[in-house]
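What follows is one structure encoded as structure tokens, with my remarks underneath.
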Amino acid sequence: MGTVIIIPARFPSIRFPGKPLQPLRGASGVAKSLLQRTHDVALKVPDIDAVYIATDDERIAEHAATFGAAVLMTSDQCRNGTERCEDALDKLPATPDLVVNLQGDAPLTPAHFVTELIEGIGDAAVATPALLCDDETLARFRQDRAAGRVGGTTVVMTREGRGLYFSKEVIPYVAEGKPAPPVYHHVGLYAYRPAALRRYVGFEPGPLETHEGLEQLRFLENGIDVQCVTVEARQSMFWEVNNPEDVPRVEAALAKLGID
């Protein structure tokens, strides 16, 4: 197998229980679940060998079957999507060259983000996209923080695109009176070499991953570089469903983009 997309999905969530099954209305008013809309994105990516939903929950598996998705049942001990992708490796018919983790809360992910991520991984073990924030997205970040909500993630990188740090705060900090530097939105999408996934589950979560609640920090805390691939929205709109308050935001984007 060359490249597979795995969509990890779990039912429990502190911020949004049952999130994968949340219905989202598209431009025509038809509702599809968050999970189905994310699966629809995966099917639009060219040159992918297979697409799977990985879950430990029968409710999610049964729902996925209603729209014809292939399901891999994984352990209920998986603590995040990366661990779930690693657990799914043993259940594939063959080991792929590359595993793409398309998180199940990102129905606005353009297919070209995935293609550019695959093309941009190069020799790295792990890669993830970074999207320059426009004014509207940056305002949403700050609105969520002011309301005490944890939403999207930002990233700072080296000039070569190596991830220095990922945070649920807006980084970098800008001192008053200083010109604002660019802020990059971390897109919750990953490409891994299978060997990197195997190494990942051999590490225990460190303090940064634990406090930020960001799985990719486990790579950085253990000296594994995460290559950031800069992507452009191309007049699309990107936002994840992190909280119930994000549902109307995403539905408005679906309507604006004409996505049924």
Side-chain angles (χ1 to χ4, degrees), residues 5 7-44 51 53-67 69 80-81 84 101-111 113-114 129 131 133-154 167-170 183 185-190 212-215 231 233-260:
I5 293 177
I7 303 171
R10 63 186 185 124
F11 195 90
S13 170
I14 294 174
R15 288 180 284 165
F16 198 163
K19 182 169 67 171
L21 305 185
Q22 169 66 40
L24 296 172
R25 296 194 179 279
S28 65
V30 173
K32 294 182 182 180
S33 70
L34 174 58
L35 185 63
Q36 183 174 359
R37 290 195 178 279
T38 304
H39 188 262
D40 288 347
V41 170
L43 296 180
K44 294 176 183 175
V51 176
I53 291 170
T55 188
D56 61 356
D57 194 286
E58 290 292 345
R59 291 165 291 187
I60 291 175
E62 290 172 6
H63 174 65
T66 67
F67 55 87
N80 58 44
R84 200 170 301 283
N101 171 353
L102 176 60
Q103 297 192 90
D105 59 4
L108 295 178
T109 305
F113 279 15
V114 184
L131 174 67
C133 282
D134 57 21
D135 291 342
E136 181 180 356
T137 301
L138 191 53
R140 285 179 179 175
F141 272 117
R142 289 175 174 154
Q143 180 184 5
D144 282 346
R145 299 305 182 275
R149 290 192 296 269
V150 176
T153 301
T154 61
S167 182
K168 289 180 179 176
E169 293 292 347
V170 179
V183 174
H185 186 173
H186 170 239
V187 177
L189 171 69
Y190 303 91
E212 289 270 11
L214 295 174
E215 63 202 272
V231 295
R234 297 184 189 174
Q235 301 178 350
S236 184
M237 303 167 67
F238 180 78
W239 194 256
E240 301 113 331
V241 179
N242 296 296
N243 301 287
E245 292 83 358
D246 293 319
V247 171
R249 292 173 174 177
V250 171
E251 288 183 328
L254 292 169
K256 186 172 182 178
L257 295 169
I259 299 173
D260 291 334

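Scope of the values below: all heavy atoms of this structure, side chains included, with no hydrogens, waters or symmetry mates.
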_For a quick test of reading the model, state the closest non-hydrogen atom pair linking A64 to L35 and the distance between them._
CB-CD2, 4.5 Å

*Work out which heavy atom in A106 is nearest to a heavy atom in F238; give both atom names and the distance.*
CB-CE1, 4.4 Å

*With sequence neighbours excluded, residues passing ring-ring contact (aromatic ring centres under 6.0 Å, His included) with F141*: H185, W239

*So, do Q22 and V241 sit near enough that their side-chain heavy atoms are less than 4.5 Å apart?*
no

_Sidechain-backbone polar pair: E215 side chain, N80 backbone, donor-acceptor under 3.5 Å_ = no

_Side-chain heavy-atom pair Q143, R149 within 4.5 angstrom cut-off_ = yes

_Does R37 form a side-chain contact (heavy atoms from CB on, under 4.5 Å) with I259? I'd like the steps, not just the answer._
CA-CA 10 Å; R37 290 195 178 279; I259 299 173; 4.1 Å; yes

_Run D40 and K32 through side-chain contact (heavy atoms from CB on, under 4.5 Å) and show every step you take._
CA-CA 10 Å; D40 288 347; K32 294 182 182 180; 3.0 Å; yes

*Would you find more than 12 non-hydrogen atoms of other residues, nucleotides or ligands less than 6.0 Å from R140 atom CZ?*
yes

_Please verify the inter-ring angle class for H63 with F67; under 30° counts as parallel, over 60° as perpendicular, anything in between as tilted._
perpendicular

*asked:* Rounded at 0.5 Å granularity, tell me how far CZ in F16 sits from CD in E245.
replied: 9.0 Å

_Separation between OG1 of T66 and CD of Q36, rounded to the nearest 0.5 Å_ = 6.5 Å

*For the residue pair P20 and S33, what are the closest heavy atoms and their distance?*
O-CB, 3.7 Å

*Full working for side-chain contact (heavy atoms from CB on, under 4.5 Å) between V30 and D260*: CA-CA 7 Å; V30 173; D260 291 334; 5.9 Å; no

*Identify whether the distance between the nearest side-chain nitrogen and carboxylate oxygen of D246 and K19 falls below 4.0 Å.*
no

*asked:* Determine whether a donor-acceptor pair (N or O, by modelled atom type, separation under 3.5 Å) exists between the side chain of R59 and the backbone of F11.
replied: no

*Which atom pair, heavy atoms only, marks the closest approach of A233 to L131?*
N-CD1, 3.6 Å

*If you measure from OG1 on T38 to CG on L108, what distance do you get to the nearest 0.5 Å?*
9.0 Å

*Rounded to the nearest 0.5 Å, what's the gap from CG on L189 to OG1 on T109? Could you check?*
6.5 Å

*Check whether any side-chain N or O of T55 sits under 3.5 Å from a backbone N or O of A9 as a donor-acceptor pair, and report yes or no.*
yes

*Would you give the length of the straight line joining atom CG of L34 to atom NE2 of H39, rounded to the nearest 0.5 angstrom?*
13.5 Å

_I need the minimum non-hydrogen distance between A42 and L102, along with the two atoms involved._
CB-CD2, 3.8 Å

*Got a second to check how far D105's CG is from I7's CD1, nearest 0.5 Å?*
11.0 Å

*Using the side-chain contact (heavy atoms from CB on, under 4.5 Å) rule, take R84 and N101 through it: C-alpha gap first, then chi angles, then the decisive distance, then the call.*
CA-CA 9 Å; R84 200 170 301 283; N101 171 353; over 6 Å; no

*Can you name the closest pair of heavy atoms from E240 and G152 and give their distance?*
OE1-CA, 4.1 Å

